[in-house]
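The chain is numbered in sequence order, starting from 1.
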Amino acid sequence: MGWAIALHGGAGDFPLSLTLGSRRPREEALHHCLQIGMEALKAKKPPLDVVELVVRELENIPQFNAGKGSVLTNKGTVEMEASIMDGRTKNCGAVSGLKTVVNAVSLARLVMEKTPHVYLAFHGAEEFAKEQGVETADSSHFITAENVERLKQAKEAHRVQIDYTQPLQNGTKEETSNSNGEVQLGTVGCVAVDSYGNLASATSTGGLVNKRVGRVGDSPIIGAGTYANELCAVSVTGEGEAILRATVARDVAAMMEFKGVSLEEAASYVIHECMPKGTAGLVAVSAAGEVAMPYNTTGMFRACATEDGYSEVAIWSAS
């Protein structure tokens with residue numbers, strides 16, 4: 001038994017020819033955030049603190065679809081969402097529809113610790129943020145030029161998309177939400193376990209490009225995008241509606257709990273047998289310090305480290 005940590009920056013069908021300019025900032029960010037998480041675990045920080053710390057940092061990096069880099073709704077606004085869960089107590093908190101909160105994951109934790117509720121959304125969540133004195137910013141803080149262009153492309157193509165679609169060729173407009181040209185990057189998450197087997201998970205996102213105002217995805221839904229108990233901690237990324245239908249995060253834990261299978265077997269089965277191909281990936285750790293990072297898309301921005309010295313930052317399969 002030993003500590004372990006895993007994090008993700010989105011799963012998707014991005015090609016092996018993905019440019020260095022697209023890859024490098026995200027890879028460097030994953031290295032940076034992995035180091036922050038490792039140092040916190042080595043310093044004996046509780047896993048709940050570790051996952052919040054790492055996801056906060058990911059939210060502050062505009063190359064990911066969370067916090068500063070959140071994609072835009074069909075009205076050109078941001079609606080951020082996040083959740084966090086403590087595996088030992090099963091206490092959890094979630095938020096949706098945030099327009100001004102700099103770090104949604106920290107507000108989710110405050111919902112967990114300062115209210116009798118699990119989930120606050122939209123105006124109520126914003127009002128709670130003001131009461132708690134969390135850092136806020138004008139909505140323009142979250143709107144990047146890249147995401148304005150992504151929304152423009154999505155509207156021209158008449159589609160809702162996971163994150164980024166390359167410019168359409170020859171003016172062709174496609175109706176599908178998952179075309180071959182699409183590069184799906186974005187949602188962030190982190191899972192951690194300490195040397196005593198305590199687990200925690202957190203996930204944060206800006207949602208879908210061109211989503212309807214008011215849409216809620218899987219990231220703030222306990223059991224779908226985020227889950228932790230005494231056996232494992234899971235954070236999921238991908239096509240939110242598909243993840244919601246399959247209750248992905250809870251299913252991984254349920255397989256371990258009720259069938260007695262390993263983390264690797266449970267995570268792999270849920271992603272490859274229960275989810276449509278090209279829709280999802282996840283990162284997970286077990287109480288024993290195991291790590292699993294399966295995905296059924298072309299790749300997933302991911303990183304992990306364990307107490308025995310193993311570490312990895314990757315996008316595609318090594319095979």
> State the CD1-OG distance between Ile84 and Ser201, to the nearest 0.5 angstrom.
8.5 Å

> Answer whether the closest heavy-atom distance between the side chains of Met275 and Glu239 falls below 4.5 Å.
no

> If we only count heavy atoms from C-beta on, is the Leu199 to Val285 side-chain gap below 4.5 Å?
yes

> Is it true that Thr73 and Arg212 share a donor-acceptor pair across their side chains at a distance under 3.5 Å?
no

> Tell me whether Phe122 at atom CZ has more than 12 heavy atoms from other residues, nucleotides or ligands lying less than 6.0 Å away.
yes

> Any non-hydrogen side-chain atom of Met85 less than 4.5 Å from a side-chain atom of Val51?
no

> Which heavy atom in Ala228 sits nearest to a heavy atom in Lys90, and how many Å separate them?
O-CG, 4.2 Å

> State yes or no: do Val216 and Val118 share one hydrophobic cluster built from I, L, V, M, F, W and Y residues joined by side-chain heavy-atom distances below 4.5 Å, directly or via other members?
yes

> May I ask whether Ile222 and Val105 are part of the same hydrophobic cluster, defined by side-chain heavy atoms of I, L, V, M, F, W, Y residues being less than 4.5 angstrom apart, directly or through others?
no

> Under the criterion side-chain hydrogen bond (donor to acceptor under 3.5 Å, both in side chains), I'd like the reasoning laid out for Ser96 against Glu79: C-alpha separation, chi angles, the key distance, then a yes or no.
CA-CA 7 Å; Ser96 283; Glu79 289 186 352; over 6 Å; no

> Side-chain contact test, heavy atoms from C-beta onward, threshold under 4.5 Å: evaluate it for Trp3 versus Met38 and give yes or no.
yes

> When you measure from the side chain of Asp13 to the backbone of Thr297, do you find a donor-acceptor pair of N or O atoms at a distance under 3.5 Å?
no

> Flag the pair Val55 / Glu59 as yes when at least one side-chain heavy-atom distance between them is below 4.5 Å, and no otherwise.
yes

> So, taking the atom named CH2 in Trp316 and the one named CG in Leu18, what distance separates them when rounded to the nearest 0.5 Å?
5.0 Å

> Going hydrophobic residue to hydrophobic residue with side-chain gaps under 4.5 angstrom, can you get from Val313 over to Val50?
yes

> Quick one: does Thr115's side chain have a donor or acceptor within less than 3.5 Å of a partner on Val111's backbone?
yes

> Do any N or O atoms from the side chain of Glu126 and from the backbone of Leu98 form a donor-acceptor pair under 3.5 angstrom?
no

> Looking only at heavy atoms, what is the nearest atom pair of Ala6 and Met293, with distance?
CB-SD, 4.3 Å

> Report yes or no: does Arg159 contribute a side-chain atom to a donor-acceptor pair with the main-chain N or O of Lys155 at less than 3.5 Å?
no

> Could you please spell out the steps behind the side-chain contact (heavy atoms from CB on, under 4.5 Å) verdict for Glu241 and Leu208?
CA-CA 11 Å; Glu241 277 67 16; Leu208 300 175; 4.0 Å; yes

> Can you tell me if Asp194 uses its side chain to pair, donor with acceptor, with the backbone of Gly197 under 3.5 Å?
yes

> Roughly how far, to the nearest 0.5 Å, is the CG atom of Asn296 from the CD atom of Glu273?
10.5 Å

> Could you tell me whether the side chain of Asn229 and the main chain of Leu231 form a donor-acceptor pair under 3.5 Å?
yes

> To the nearest 0.5 Å, what is the distance between NZ (Lys68) and CZ (Phe142)?
8.5 Å

> Before you tell me yes or no, could you show the steps for Leu48 and Arg109 under side-chain contact (heavy atoms from CB on, under 4.5 Å), namely the whole-Å CA-CA distance, both residues' side-chain angles and the distance that decides it to 0.1 Å?
CA-CA 9 Å; Leu48 195 67; Arg109 182 169 181 179; 3.6 Å; yes

> So, Asn60 and Asn103: side-chain donor and acceptor under 3.5 Å apart, yes or no?
yes

> Quick check: do Val78 and Ile143 have side-chain heavy atoms less than 4.5 Å from each other?
yes

> Kindly say whether Tyr310 contributes a backbone atom to a donor-acceptor pair with the side chain of Asp308 at under 3.5 angstrom?
yes

> I need the minimum non-hydrogen distance between Leu30 and Gly9, along with the two atoms involved.
CD2-N, 4.4 Å

> Looking at Asp86, is its backbone amide N or carbonyl O close enough to the side chain of Asn91 to form a donor-acceptor pair, meaning the two atoms are under 3.5 Å apart?
no

> May I ask you to check whether over 12 heavy atoms, not counting those of Arg23, lie within 6.0 Å of atom CZ?
yes

> Rounded to the nearest 0.5 Å, what's the gap from NE2 on His8 to CZ on Phe64? Could you check?
10.5 Å

> Quick check: does any side chain N or O of Lys211 sit under 3.5 Å from a backbone N or O of Gly206, one acting as donor and the other as acceptor?
yes

> What I'd like to find out is whether the side chain of Leu7 reaches to under 4.5 Å of the side chain of Leu34, using heavy atoms alone.
yes

> Less than 3.5 Å apart, any donor N or O on the side chain of Thr203 or Ser219 sitting next to an acceptor on the other?
no

> Side-chain heavy atoms under 4.5 angstrom apart, residues restricted to Ile, Leu, Val, Met, Phe, Trp, Tyr: same cluster for Leu263 and Ile5?
no

> Phe301 vs Glu27, test: side-chain contact (heavy atoms from CB on, under 4.5 Å). Steps then yes/no.
CA-CA 8 Å; Phe301 278 89; Glu27 290 173 321; 4.2 Å; yes

> Would the distance check show the side chain of Arg150 and the main-chain N or O of Val71 forming a donor-acceptor pair, the cut-off being under 3.5 Å?
no

> Determine, step by step, whether Ser204 and Glu81 satisfy the side-chain hydrogen bond (donor to acceptor under 3.5 Å, both in side chains) criterion, reporting the C-alpha distance in whole Å, the side-chain angles of both residues, the deciding distance to 0.1 Å, and the verdict.
CA-CA 6 Å; Ser204 181; Glu81 48 196 32; over 6 Å; no

> Determine whether Glu135 and Val101 satisfy the following criterion, side-chain contact (heavy atoms from CB on, under 4.5 Å), listing intermediate values before the conclusion.
CA-CA 6 Å; Glu135 184 180 0; Val101 176; over 6 Å; no

> Looking only at non-hydrogen atoms, find the nearest pair between Val193 and Gly289 and report the distance.
CG1-CA, 4.0 Å

> Can you name the closest pair of heavy atoms from Thr306 and Ala4 and give their distance?
CG2-CB, 3.9 Å

> CD/Glu265 to NZ/Lys259 distance, rounded to the nearest 0.5 angstrom?
8.5 Å

> Shortest non-hydrogen contact from Ala108 to Ala82?
CB-O, 3.9 Å

> With heavy-atom distances below 4.5 Å as the criterion, would you say the side chains of Leu72 and Thr77 are in contact?
no

> Give the cluster check for Ile271 versus Val234: same hydrophobic cluster or not, with ILVMFWY residues linked at side-chain heavy-atom distances below 4.5 Å.
yes

> Step by step, work out the side-chain hydrogen bond (donor to acceptor under 3.5 Å, both in side chains) result for Glu290 and Ser262.
CA-CA 9 Å; Glu290 302 158 306; Ser262 69; 5.7 Å; no

> Please name the residue in the list Thr205, Thr226, Asp218 that meets the side chain to side chain donor-acceptor pair (under 3.5 Å) test with Ser83.
Thr226

